[in-house]
S.K.: 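I am attaching a structure below and will ask some questions about it afterwards.
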Amino acid sequence: VPMQSFRRAATALAITAIAALSLAPSFFAGEAEPTAMLGQSIGNISLPDYTGKQVSLADFKDSKGVVLIFVSTKCPVSNAYNERMTALAGEYQKKGIQFLGINSNKAELPEEMSKHAADNKWNFPVLKDDGNKIADKLKASVTPEVFLVDGKRILRYHRRIGDSQDPAAIKS
């Protein structure tokens, strides 16, 4: 119990520091170190959605920020977060934050992505990262994995969505 209290306090302190100072978040036990790009520009990402239409960060220049979530249609971990991704996107898009899903799995075709997005009522575009160019650039390695860039395309957050796949067990 004392370790859980310590982790909660440390997480709260880290979140406060990020918001106030735009610094990297503290590390959660068992997680890889976030990308070295925190605090740096990621440039303009441009990828096709599942219809083939090009979508880029520049399209959202009036947004306060953009959340990039690496997703998969087949990964059970990613799929455990489907409802939460939709809820978070709905909540934060009202506050000027755009959400974009990115699928880098070469075995998942655009048609499958389209069906998966519709079946899960995703309220954000899903882009196809053929060749893993964006995943490699950002050092994305799991699904779901979240990156938040501000309006100037500066990477401000790179982590997971929450501390549990089970919505009933979420503590942070």
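Values below: every heavy atom of this structure, side chains too, minus hydrogens, waters and symmetry copies. Starting from 1, each residue takes its place in the sequence as its number.
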S.K.: Roughly how far apart are R156 CZ and Q40 CD, rounded to 0.5 Å?
M.R.: 10.5 Å

S.K.: Answer yes or no: is there a donor N or O on one side and an acceptor on the other, between the side chain of N120 and the main chain of A117, under 3.5 Å?
M.R.: no

S.K.: If I compare all heavy atoms of V142 with all of E145, which pair ends up nearest, and what's the gap?
M.R.: N-OE1, 2.9 Å

S.K.: Between the main-chain N or O of N82 and the side-chain N or O of T86, is there a donor-acceptor pair closer than 3.5 Å?
M.R.: yes

S.K.: In terms of side-chain geometry, is the basic nitrogen of K128 or E108 positioned less than 4.0 Å from the acidic oxygen of its partner?
M.R.: no

S.K.: Linking I/L/V/M/F/W/Y whenever any side-chain heavy atoms sit under 4.5 Å apart, do I154 and F99 land together?
M.R.: no

S.K.: Going by the angle between their ring planes, with limits at 30° and 60°, are H116 and W122 parallel, tilted or perpendicular?
M.R.: perpendicular

S.K.: Would you please test F124 and V67 for side chain to side chain contact (heavy atoms under 4.5 Å, CB included) and show each step?
M.R.: CA-CA 10 Å; F124 52 89; V67 172; over 6 Å; no

S.K.: Once rounded to the nearest 0.5 Å, what's the spacing between atom CG of L100 and atom CG of L68?
M.R.: 6.0 Å

S.K.: Show your reasoning for whether side chain to side chain contact (heavy atoms under 4.5 Å, CB included) applies to I161 and M85.
M.R.: CA-CA 8 Å; I161 293 174; M85 289 186 279; 3.6 Å; yes

S.K.: Between Y157 and L38, which heavy-atom pair has the shortest distance, and what is it?
M.R.: N-CD2, 3.7 Å

S.K.: Between atom CE of M37 and atom NZ of K137, what is the distance when rounded to the nearest 0.5 Å?
M.R.: 5.5 Å

S.K.: Using modelled atom types only, decide if a donor and an acceptor are shared between the side chain of N132 and the backbone of A135 within a distance under 3.5 Å.
M.R.: no

S.K.: When you measure from the side chain of N103 to the backbone N and O of D129, does any donor-acceptor pair fall under 3.5 Å?
M.R.: no

S.K.: Evaluate salt bridge (charged side-chain N to carboxylate O under 4.0 Å, His left out) for D119 paired with K115, printing each intermediate quantity in order.
M.R.: CA-CA 6 Å; D119 289 349; K115 181 178 179 343; 2.7 Å; yes

S.K.: How many angstroms lie between CG in L127 and CE in M113, if you round to the nearest 0.5 Å?
M.R.: 7.0 Å

S.K.: Looking at G43 and S41, what are the two nearest heavy atoms and their distance?
M.R.: N-OG, 3.1 Å

S.K.: Can you tell me how far CG of L148 sits from OH of Y92, rounded to the nearest 0.5 angstrom?
M.R.: 10.5 Å

S.K.: If I compare all heavy atoms of S78 with all of P144, which pair ends up nearest, and what's the gap?
M.R.: CA-CD, 3.4 Å

S.K.: For the pair K133 (side chain) and D130 (backbone), establish whether a donor and an acceptor sit closer than 3.5 Å, ignoring hydrogens and angles.
M.R.: yes

S.K.: State, to 0.1 Å, how close A89 and N123 come at their nearest heavy-atom pair, and which atoms those are.
M.R.: CB-OD1, 3.2 Å

S.K.: Taking all non-hydrogen atoms of both residues, which atom of V77 and which atom of Q165 are closest, and how far apart?
M.R.: CG2-NE2, 3.6 Å

S.K.: For P125, does its backbone N or O pair with a side-chain atom of D49 as donor and acceptor, under 3.5 Å?
M.R.: no

